[in-house]
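Whatever order the structure lists ligands and atoms in, that order sets their numbers, starting from 1.
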Amino acid sequence: MEYKKLIELAIDARDNMTYTPYSHFNVGCAVEMEDGSVYTGGNIEIASYSPTNCAERTAIFKAVSEGKREIKKIAVVGDSDYTFPCGVCRQVIREFSKNPEIIVANSTEDYKIFGMEEILPHSFGPEDLDGDENDRK
Ligand code: THU
């Protein structure tokens, strides 16, 4: 899917899919998986704060729970000037791709694209564990 379309879906998620009664800081995410399917999500806040789920994880977990395992592109749109994925979400993105295109957008006209190595250098990932590749399917 082209960048602009994915960003539009992330903007729609930011505007319509969040639950942010505490921070009122809205973030939306649209993730395109290797098979072309797209999942969207917003951040979800919890009164005791730590269970709060970022928009990126909401969208990725929706995809993973539908059996998808490989991220192709992920677009993030928040309420700040270029809202970057937090550290936890960077690790979650890494779990489901070694080199996705990470699009951090202010609008469909104003966005930047990053690689995994740029935002999470020298990462630890599934390949570091001595697992059977089939276990991740
Ligand atoms: N948040 C996200 O959803 N994604 C990010 O990349 C950064 C932070 C959320 C978490 C919390 O609900 C709010 O933004 C303020 O931290």
Side-chain angles (χ1 to χ4, degrees):
M1 174 176 287
E2 57 179 54
Y3 298 129
K4 283 185 198 311
K5 182 72 197 156
L6 202 65
I7 293 165
E8 268 174 23
L9 292 173
I11 291 170
D12 181 65
R14 180 196 60 189
D15 295 344
N16 297 303
M17 301 177 86
T18 64
Y19 172 74
T20 56
Y22 309 107
S23 76
H24 304 287
F25 186 88
N26 297 299
V27 184
C29 177
V31 61
E32 182 181 5
M33 308 306 285
E34 206 50 54
D35 66 353
S37 58
V38 176
Y39 295 83
T40 55
N43 51 328
I44 299 167
E45 298 182 341
I46 305 301
S48 60
Y49 295 170
S50 69
T52 290
N53 210 55
C54 290
E56 296 89 326
R57 278 175 286 143
T58 304
I60 293 168
F61 291 164
K62 283 168 72 175
V64 173
S65 74
E66 296 290 329
K68 311 301 161 68
R69 295 289 184 270
E70 195 68 30
I71 296 171
K72 187 151 72 178
K73 297 190 184 107
I74 178 164
V76 183
V77 183
D79 278 341
S80 60
D81 187 28
Y82 296 116
T83 304
F84 278 81
C86 77
V88 170
C89 289
R90 292 176 195 210
Q91 187 68 46
V92 172
I93 296 167
R94 170 68 180 83
E95 180 73 21
F96 298 104
S97 178
K98 262 192 117 167
N99 202 19
E101 289 187 281
I102 300 150
I103 303 146
V104 181
N106 283 335
S107 70
T108 55
E109 309 301 321
D110 178 14
Y111 59 88
K112 298 176 181 177
I113 303 170
F114 298 89
M116 198 75 245
E117 188 61 28
E118 278 179 284
I119 68 161
L120 192 67
H122 308 293
S123 63
F124 181 86
E127 303 79 12
D128 292 295
L129 297 177
D130 227 7
D132 180 342
E133 179 59 24
N134 289 322
D135 291 342
R136 298 185 63 243
K137 288 187 175 152

Q. Does ligand 1 have an atom under 4.0 Å from some heavy atom of Phe84?
A. yes
**Q.** Shortest protein heavy-atom distance from atom 16 (O) of ligand 1, along with the residue and atom involved
**A.** Phe25 CD2, 4.9 Å
Q: Tell me which protein heavy atom sits closest to atom 8 (C) of ligand 1, plus the residue, atom name and distance to 0.1 Å.
A: Cys54 SG, 4.1 Å
Q.
When you group the ILVMFWY residues by side-chain heavy-atom contacts below 4.5 Å and let the links chain together, are Val31 and Phe84 in the same group?
A. yes
Q: Looking only at protein heavy atoms, identify the closest one to atom 3 (O) of ligand 1 and say how far it is in Å.
A: Ala55 N, 2.9 Å
Q. Would you say Cys89 touches ligand 1, if touching means a heavy atom closer than 4.0 Å?
A. no
Q. Are Asp81 and Asn106 close enough, and set up right, to give a side-chain hydrogen bond (donor to acceptor under 3.5 Å, both in side chains), and what steps lead you there?
A. CA-CA 6 Å; Asp81 187 28; Asn106 283 335; 2.7 Å; yes
Q. For ligand 1, which atoms have a heavy atom of Pro85 less than 4.0 angstrom away?
A. 6 (O)
Q: Indicate yes or no: does Arg94 engage Glu127 in a salt bridge with an N to O separation below 4.0 Å.
A: yes
Q. Is Lys68 positioned over the aromatic face of Tyr39, cation under 6.0 angstrom from the ring centre and no more than 45 degrees off axis?
A. no
Q) Could you state the interatomic distance from CZ (Arg14) to OG1 (Thr40), rounded to the nearest 0.5 Å? A) 14.0 Å
Q) Do any N/O atoms on Glu56 end up under 3.5 angstrom from N/O atoms on ligand 1? A) yes
Q) Based purely on interatomic distance, does Val27 place a nitrogen or oxygen under 3.5 Å from a nitrogen or oxygen of ligand 1? A) no
**Q.** Derivation and outcome, side-chain hydrogen bond (donor to acceptor under 3.5 Å, both in side chains), residues Ser80 and Thr83
**A.** CA-CA 5 Å; Ser80 60; Thr83 304; 2.7 Å; yes
Q: Determine whether any heavy atom of Val76 lies closer than 4.0 Å to an atom of ligand 1.
A: no
Q. In ligand 1, which numbered atoms sit nearer than 4.0 Å to a non-hydrogen atom of Cys86?
A. 6 (O)
Q) Is it true that Glu117 and Lys98 have a side-chain N and a carboxylate O under 4.0 angstrom from each other? A) no
Q | Residue and atom name of the nearest protein heavy atom (relative to atom 11 (C) of ligand 1), distance in Å to one decimal | A | Glu45 OE2, 3.3 Å
Q: Considering only non-hydrogen protein atoms, determine which one is nearest to atom 9 (C) of ligand 1 and report residue, atom name and distance to 0.1 Å.
A: Asn43 ND2, 3.4 Å
Q) Is the number of heavy atoms from other residues, nucleotides or ligands under 6.0 Å of Phe124 CZ greater than 12? A) yes
